[in-house]
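Here is the structure we will look at, set down as structure tokens.
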There are 2 protein chains.
Amino acid sequence: MDNNNKIINDIDAIPSLVQSKRQIDRYNLDIDAQAILVASRLMAAGAKLGHASEIHFSRFGLSTGRYRLLADLEDNEGEELPSQLAEHLGVTRATVTGLIDILERDGLVSRRTSSDDGRQRTVILTEKGAKKLREMAPEHFARLEAMVGLLNIDERSVFLDLLDRVTQGISALTGELGSKPKGNISNE
Amino acid sequence: MDNNNKIINDIDAIPSLVQSKRQIDRYNLDIDAQAILVASRLMAAGAKLGHASEIHFSRFGLSTGRYRLLADLEDNEGEELPSQLAEHLGVTRATVTGLIDILERDGLVSRRTSSDDGRQRTVILTEKGAKKLREMAPEHFARLEAMVGLLNIDERSVFLDLLDRVTQGISALTGELGSKPKGNISNE
DNA sequence: GAGATATAATTAGGCACCTAACTATATAAG
DNA sequence: CTTATATAGTTAGGTGCCTAATTATATCTC
């Protein structure tokens, strides 16, 4: 027998409203249980999506980060500095170095030292890298489209709007307590 | 000077519609650009939230996973088997072992070998663990509530509904190509 | 032009989570 | 009762991402 604990991730413990309510009641907090439910569900969805994304890209021998790096290179005429890549992807330079290491090992990108600034190392999308993107595009985009297939056009617009505002709200987790995120408040 | 690349994560490269359109056009695919935008934004939001969550919990000396484990224990009279925890949290038993190791080291939970089945090890929420949850609850829930503060009550309901359907759609990334996720389709 | 300082990329080491292999106990079959 | 098999938990090793420290180059100031 190989792996006996494979089903676990499919059960997907999604948080319920009862659960949220119980947690709040336990400490007599003046908090809206539904708000907590939304937050919990979004966290669960984010984790699930992240995991699914890794599985998706691993089919093409890539990780989420390495695919995003390749796609960004393609969007910039196949040539960028590591620091630009880090900014575009929203990760640190250290992470970019690691991503490039593996992509270079696999021949999908190459590094070249810049002529005008000896500190810079230009990252170049190789023909093999471009081919990889070309080959995976149909399936990749079809799957992404299928993912939101249960929403119709109008619902997608609404979802985008709401998601955008919740995304702004994420700073409430990391920022000053009580400081409101910038943006128009449609509440209260 | 300590860290010169700290600002990077605040810029937050959010994907744009133009970007999605360009990628699709490049390969002449018959794909709805807005669908791709929704998928990309959700991925970005998920990653951002995951990161913010770790920062949030690290203020209390916990990680996201370790907090969820403690909260689940509290929800089950402070006593559970590792396998139950794994199922509730949606992670593997190996991961649970690691979470417990650190929580036990910090005195927030303890392990006890079961009397009726020698293979089982009951995990118990200690008084210190319960106190930790009690102390962090007000700030924790206040921050979660603030996160969705830019949505009013009605919008939260709508968001929950849409998010739920998109979450179902995530299986399109990992499952058979062309297989539709179960659930009522409000589209087409 | 020498020394301080800024910047680009990398290396070193850490955490969360994973899969696969292993250990120990329990149970079923001959 | 012994051998095979299932199950609970752990260990070993890998990936993705992080922060902090390091190396190498460029620039600014005297």
Side-chain angles (χ1 to χ4, degrees), chain A residues 1-9 43 46-48 50-55 57-58 61-69 80-87 89-106 111-123 174, chain B residues 1-9 43 46-48 50-55 57-58 61-69 80-87 89-106 111-123 174:
Chain A
M1 179 195 54
D2 350 359
N3 40 353
N4 45 3
N5 44 4
K6 139 192 339 174
I7 324 94
I8 288 177
N9 286 319
M43 280 183 168
K48 182 177 176 180
H51 188 220
S53 178
E54 291 301 340
I55 292 172
F57 287 115
S58 73
L62 295 175
S63 70
T64 304
R66 296 202 291 275
Y67 169 79
R68 295 218 302 138
L69 194 153
E80 272 184 284
L81 301 176
S83 47
Q84 294 177 305
L85 285 163
E87 191 175 331
L89 303 184
V91 299
T92 63
R93 294 177 189 189
T95 298
V96 166
T97 296
L99 296 176
I100 295 171
D101 282 346
I102 295 179
L103 288 170
E104 186 175 40
R105 183 202 65 191
D106 295 347
R111 274 188 252 235
R112 191 217 297 140
T113 303
S114 171
S115 47
D116 43 319
D117 189 331
R119 292 169 302 182
Q120 297 181 340
R121 321 223 38 208
T122 311
V123 181
T174 55
Chain B
M1 180 194 50
D2 351 356
N3 39 354
N4 45 2
N5 44 3
K6 152 198 319 183
I7 323 92
I8 288 177
N9 285 320
M43 281 182 167
K48 182 176 176 180
H51 187 220
S53 179
E54 291 302 339
I55 292 174
F57 287 116
S58 73
L62 295 174
S63 69
T64 305
R66 297 202 292 276
Y67 169 79
R68 294 218 302 138
L69 194 153
E80 271 184 284
L81 301 175
S83 48
Q84 294 178 306
L85 286 163
E87 191 176 329
L89 303 184
V91 299
T92 63
R93 295 174 190 194
T95 299
V96 166
T97 297
L99 296 174
I100 296 171
D101 282 347
I102 296 179
L103 287 171
E104 187 175 40
R105 183 202 65 190
D106 295 347
R111 274 188 253 236
R112 190 216 299 140
T113 303
S114 171
S115 46
D116 42 320
D117 189 331
R119 293 169 301 182
Q120 298 181 339
R121 322 220 39 206
T122 310
V123 181
T174 54

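Residue numbers begin at 1 in each chain, while the letters A, B, ... track the order of the sequences. Because only heavy atoms are used, hydrogens play no part in the values below, and waters and symmetry mates are left out as well, while side chains stay in.
- For B/Leu85 and C/dA16, the CG to C1' distance is 17 Å, given to the nearest whole Å.
- Of all heavy-atom pairs between B/Arg121 and B/Pro82, the closest is O-CD, 2.9 Å.
- Closest contact between the side chain of A/Ser83 and the listed nucleotides C/dA9, C/dA26, C/dT7 involves C/dA9.
- Distance from the side chain of B/Arg93 is smallest to D/dG9 among D/dA12, D/dG9, D/dC18.
- If you take CD on A/Gln84 and CZ on A/Arg93, they are separated by 10.5 Å, rounding to the nearest 0.5 Å.
- Computed from coordinates, the A/His51 NE2 to C/dC18 P distance equals 6 Å when rounded to whole Å.
- Summarising the geometry, the separation between CZ on A/Arg111 and P on C/dA8 is reported as 16 Å, rounded to the nearest angstrom.
- With the nearest nucleotide of DNA chain C identified for both A/Gly98 and A/Asp117, A/Asp117 has the one nearer the 5' end.
- A donor-acceptor pair under 3.5 Å links the side-chain atoms of A/Arg68 to the main chain of A/Leu89, judged by distance alone.
- Spacing between atom CD1 of B/Ile55 and atom C1' of C/dA16 amounts to 15 Å, rounded to whole angstrom units.
- Residues B/Val123 and B/Leu81 are not in side-chain contact: their nearest non-hydrogen atoms beyond the backbone lie 4.5 Å or more apart.
- The CD-P distance, from B/Glu87 to D/dA8, rounds to 11 Å in whole Å.
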With the criterion being N/O to N/O and under 3.5 Å, what pairs connect the protein with nucleotides 14-17 of chain D, and how long is each?
unit_1, atom_1, unit_2, atom_2, d
D/dG16, OP1, A/Ser63, OG, 3.2
D/dG16, OP1, A/Arg66, NH1, 2.9
D/dG16, OP2, A/Arg66, NH1, 3.0

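- Formation of a donor-acceptor pair under 3.5 Å by the A/Glu54 side chain with backbone atoms of A/Thr64 is found in this model.
- Heavy-atom nearest nucleotides on DNA chain D were determined for A/Asp116 and for B/Thr97, and the one closer to the 5' end corresponds to B/Thr97.
- In terms of heavy atoms, B/Arg66 sits closest to B/Leu62 at NH2-C, 3.9 Å.
- Between B/Thr97 and the options B/Ile100, B/Leu99, B/Asp101, B/Thr95, a side chain to side chain contact (heavy atoms under 4.5 Å, CB included) holds for only B/Asp101.
- Protein atom NZ of A/Lys48 is 18 Å distant from nucleotide atom C1' of C/dC18, rounded to whole Å.
- Rounded to an integer number of Å, the gap from B/Phe57 CZ to C/dC15 C1' is 16 Å.
- B/Leu69 places its CG atom 14 Å from the C1' atom of D/dG9, with the value rounded to the nearest Å.
- For B/Arg119, whose side chain is taken as the heavy atoms from C-beta onward, the closest listed nucleotide among C/dA9, D/dA26, D/dA6 is D/dA6.
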